Amino acid sequence: MSQPLVTTPKLPSRSMGLKLIVVCFLALLMTIPAAFVWSLIDDRSHRADEVIAEVGHTVGGPQTFLGPVLAIPYVIPATKLKATEHGVYVVFPANGEAVINTKTEVRHRSLFKVPVYRSDVAFKASFDLTGVPADAPDNAVLDWSRAEFLVGATDARGAQSDITLTAGEKTATLTPATVLQSATVKLEQGGETQLTFFGAPAHDIAQPNAPFDVNAAMKFTGAQRLAVLAFAKTTAITLKGDWPHPGFEGAFLSSTQSVNDQGFTATWSVPFIARGVAAEGTCDIISQLGRTAIGVSFVELADAYQSVTRSLKYAVFFIGLVFLSYFLFEVISGQRVHPAQYILVGVAQLVFYLLLLSIAERIGFDFSFLIAAVATVGLISAYAGWIFHGRRYGLRALAAFSSLYALIYVLLRLEDQALLVGAVASFAAIAAVMYFTRHMDWYASTAVLPLKNAEDAAGQA
């Protein structure tokens, strides 16, 4: 009696060239889930910004300070064509100096850290009223009896003590100003800030054609940024603090700058010709001082969300390199790798970014990168050993993928040289693929019969 004919199912054949095209397509396909990871990072980053704003709101937020200026009310008498007009005439000091010392602390809210600061602000101003007013409106009559010295800050809730002003031998405690309560200032780096003014009577000191000196002192808290406006025709500014990685801001280059682990010190000198704002004028002139703002931002040296976002920009590139490595192992070993297995490897690499993000929020970027990279490299290297049925392939994958993730870290730490190193690495990777596949017949079939080979091996046993 004849035995029934048993046929062994065969996998469909396809050329190695077609398989490489499929592998490249799968690498590009992984950009879709990468976009979801990107949106998650963006969401967490926005949440961090919200927490910073909430904490900053309680201590005064970003503060901008204005040193002593002289504000003199004026009136333009009515005419047949116009009603009586009232306004405020502002005179800036001839020379001014601002010295600001800050002490910072980091406040925690859930997983987020917010640097806040306490600042001691000291102003010195030298006025010379010779020739004042020079730019007053026609027919304006200045009321010197109601003149006030003004200083300004963004948020009065950050005040930690009374603001004092010394002129001659008299010291006064400033109160909310009466002649001019506030002004909007457009900052050079974008956006606006509303200055609240505090004033003290100036009629005993400020007289036409008189020179005099004024000192002011204030203590304020704030968060994120601190800035001071060039309040005098010629202004010298000194910022000091214990924050080890400040970000200096402003349209003027610092005269001196020193930053170390103990803190920072920076000085600026803004001459009248560089300030670009007139020495006196109506109160609208204060809004023009925004372009002169000089300050410092209190930022983390390596923001976790920014670093993870930068690493995600290289995702498709490095997924493609890992896929090419698997393809080379496939060519060398003669074992077939199913597209689903490539997708699993790609998903494992995307999970790397989720691990990196979740751990970086807790312990910082560097150690979280090490942990996530070791876990991911270990997994996809072990998977290579399982797929290609050999420890040597797992070890080769471990060496290749460890180098690859080390390259990712180097690229993230390089600023100016990142593009050059990435381009050279890309060229080297493509050159390696060309070299190892130089004798390949791209039209050759990749078909193997793992089921039949297993039966033969079992029969020989």
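This is a predicted model, so every value here is computed, not measured. Count residues from 1 along the sequence.
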Exercise for the section: Show your working on side-chain contact (heavy atoms from CB on, under 4.5 Å) between Tyr342 and Val345 and close with a plain yes or no. Expected result: CA-CA 5 Å; Tyr342 279 100; Val345 173; 5.7 Å; no

Practice task
Decide yes or no for Leu357 and Ile41: does some side-chain heavy atom of the first lie under 4.5 Å from some side-chain heavy atom of the second?
Solution key: yes

Exercise for the section: For the pair Phe149 and Leu70, evaluate side-chain contact (heavy atoms from CB on, under 4.5 Å) and give the outcome as yes or no after the intermediate values. Expected result: CA-CA 5 Å; Phe149 291 116; Leu70 180 63; 4.0 Å; yes

Practice task
Would you please say whether a donor-acceptor pair under 3.5 Å links the side chains of Thr171 and Thr164?
Solution key: no

Handout entry: Test item: Pro133 and Leu142 side chains (from C-beta on) under 4.5 Å apart, heavy atoms
Key = yes

Exercise for the section: Mind running side-chain contact (heavy atoms from CB on, under 4.5 Å) on Val59 and Arg107 for me, showing each step along the way? Expected result: CA-CA 11 Å; Val59 297; Arg107 296 191 178 181; 3.5 Å; yes

Practice task
For Ser287 and Thr184, run side chain to side chain donor-acceptor pair (under 3.5 Å): C-alpha distance rounded to whole Å, both residues' side-chain angles, the deciding distance at 0.1 Å, then the answer.
Solution key: CA-CA 6 Å; Ser287 64; Thr184 300; over 6 Å; no

Problem - Within-4.5 Å side-chain heavy-atom neighbours: Phe197 and Leu66 - result: yes

Exercise for the section: Return yes if some donor-acceptor pair links the side-chain N/O of Tyr326 with the main-chain N/O of Ala384 below 3.5 Å, else return no. Expected result: yes

Handout entry: Expected output: side-chain Ser119 to main-chain Phe220 donor-acceptor under 3.5 Å
Key = yes

Handout entry: Atom pair CG/CG of Leu40 and Leu354 - distance to nearest 0.5 Å
Key = 6.5 Å

Exercise for the section: May I ask you to test the Tyr383-Gln341 pair for a side-chain heavy-atom distance under 4.5 Å? Expected result: yes

Handout entry: Heavy-atom pair of closest approach, residues Gln63 and Thr221
Key = NE2-O, 3.2 Å

Handout entry: Atom pair CD (Gln160) and CE (Met218), whose distance is rounded to the nearest 0.5 Å
Key = 11.5 Å

Completion exercise
Closest non-hydrogen atoms of Gly199 and Leu150, given as atom of the first, atom of the second and distance, are CA-CD2, 4.0 Å

Practice task
Give a yes-or-no answer on whether the side chains of Thr267 and Thr256 include a donor-acceptor pair shorter than 3.5 Å.
Solution key: yes

Exercise for the section: Compute the ring centroids of Phe352 and Tyr405, then answer whether they are less than 6.0 Å apart. Expected result: yes

Exercise for the section: Measure the shortest side-chain to side-chain distance between Phe264 and Thr102 over non-hydrogen atoms and say whether it is less than 4.5 angstrom. Expected result: yes

Exercise for the section: Begin from the C-alpha positions of Leu239 and Leu226 and carry the test side-chain contact (heavy atoms from CB on, under 4.5 Å) through to its verdict. Expected result: CA-CA 10 Å; Leu239 296 178; Leu226 179 151; 4.0 Å; yes

Handout entry: Spatial distance of atom OG1 (Thr238) from atom CD1 (Ile294) [nearest 0.5 Å]
Key = 10.5 Å

Handout entry: Nearest heavy-atom neighbours spanning Pro68 and Val214
Key = CB-CG1, 4.2 Å

Problem - Nearest non-hydrogen partners of Leu289 and Leu229, listed with the distance - result: O-CD2, 3.5 Å

Handout entry: Check ion pair Lys103-Glu105 (N to O, under 4.0 angstrom)
Key = no

Problem - Lys/Arg cation over aromatic Phe272: Lys233, 6.0 Å, 45° cone - result: yes

Handout entry: Main-chain N/O of Leu398 paired to Ser381 side chain as donor or acceptor, under 3.5 Å
Key = yes

Exercise for the section: Would you check if the side chain of Gln224 reaches a backbone N or O of Ser297 as a donor-acceptor pair within less than 3.5 Å? Expected result: no

Exercise for the section: Find out whether Pro33 and Val347 are in side-chain contact, i.e. whether some heavy atom of one side chain is under 4.5 Å from a heavy atom of the other. Expected result: no

Exercise for the section: Of all the heavy-atom pairs spanning Ser402 and Val377, show the shortest one and how long it is. Expected result: OG-CG1, 3.5 Å

Practice task
Using modelled atom types only, decide if a donor and an acceptor are shared between the side chain of Thr292 and the backbone of Arg275 within a distance under 3.5 Å.
Solution key: no

Problem - Polar side chain donor-acceptor pair, Asp135 to Tyr89, under 3.5 angstrom - result: no

Practice task
Mark yes or no for whether Asn209, through its side chain, and Gly131, through its backbone, hold a donor-acceptor pair below 3.5 Å.
Solution key: yes

Exercise for the section: Measure up the Phe365 and Phe369 rings against each other and bin them: parallel (under 30°), tilted (30 to 60°), perpendicular (over 60°). Expected result: tilted

Practice task
Starting at CG of Leu174, measure out to CG of Asp162 and round the result to the nearest 0.5 Å.
Solution key: 9.5 Å

Problem - Heavy-atom donor-acceptor pair, Trp243 side chain to Thr104 backbone, under 3.5 Å - result: no

Practice task
List for me each residue that meets salt bridge (charged side-chain N to carboxylate O under 4.0 Å, His left out) alongside Asp204, sequence neighbours excluded, and say none if there are none.
Solution key: Lys170

Exercise for the section: Give a yes-or-no answer on whether the side chains of Gln194 and Ser182 include a donor-acceptor pair shorter than 3.5 Å. Expected result: yes

Exercise for the section: For the residue pair Thr84 and Val75, establish whether any side-chain heavy-atom pair is separated by less than 4.5 Å. Expected result: yes

Problem - Among Phe65, Phe92, Phe123, ring pair (Phe, Tyr, Trp, His ring centres under 6.0 Å) partner for Phe231 - result: Phe123

Handout entry: Main-chain N/O of Gln349 paired to Thr376 side chain as donor or acceptor, under 3.5 Å
Key = no

Handout entry: Side-chain heavy atoms of Val23 within contact of Val337, under 4.5 Å
Key = no

Problem - Non-hydrogen atoms of Pro137 and Thr282 that approach each other most closely - result: CG-CG2, 3.9 Å

Handout entry: Interatomic distance, Asp128 atom CG to Asp213 atom CG [nearest 0.5 angstrom]
Key = 10.5 Å

Problem - Value rounded to 0.5 Å, distance of CG in Leu26 from CZ in Phe327 - result: 12.0 Å

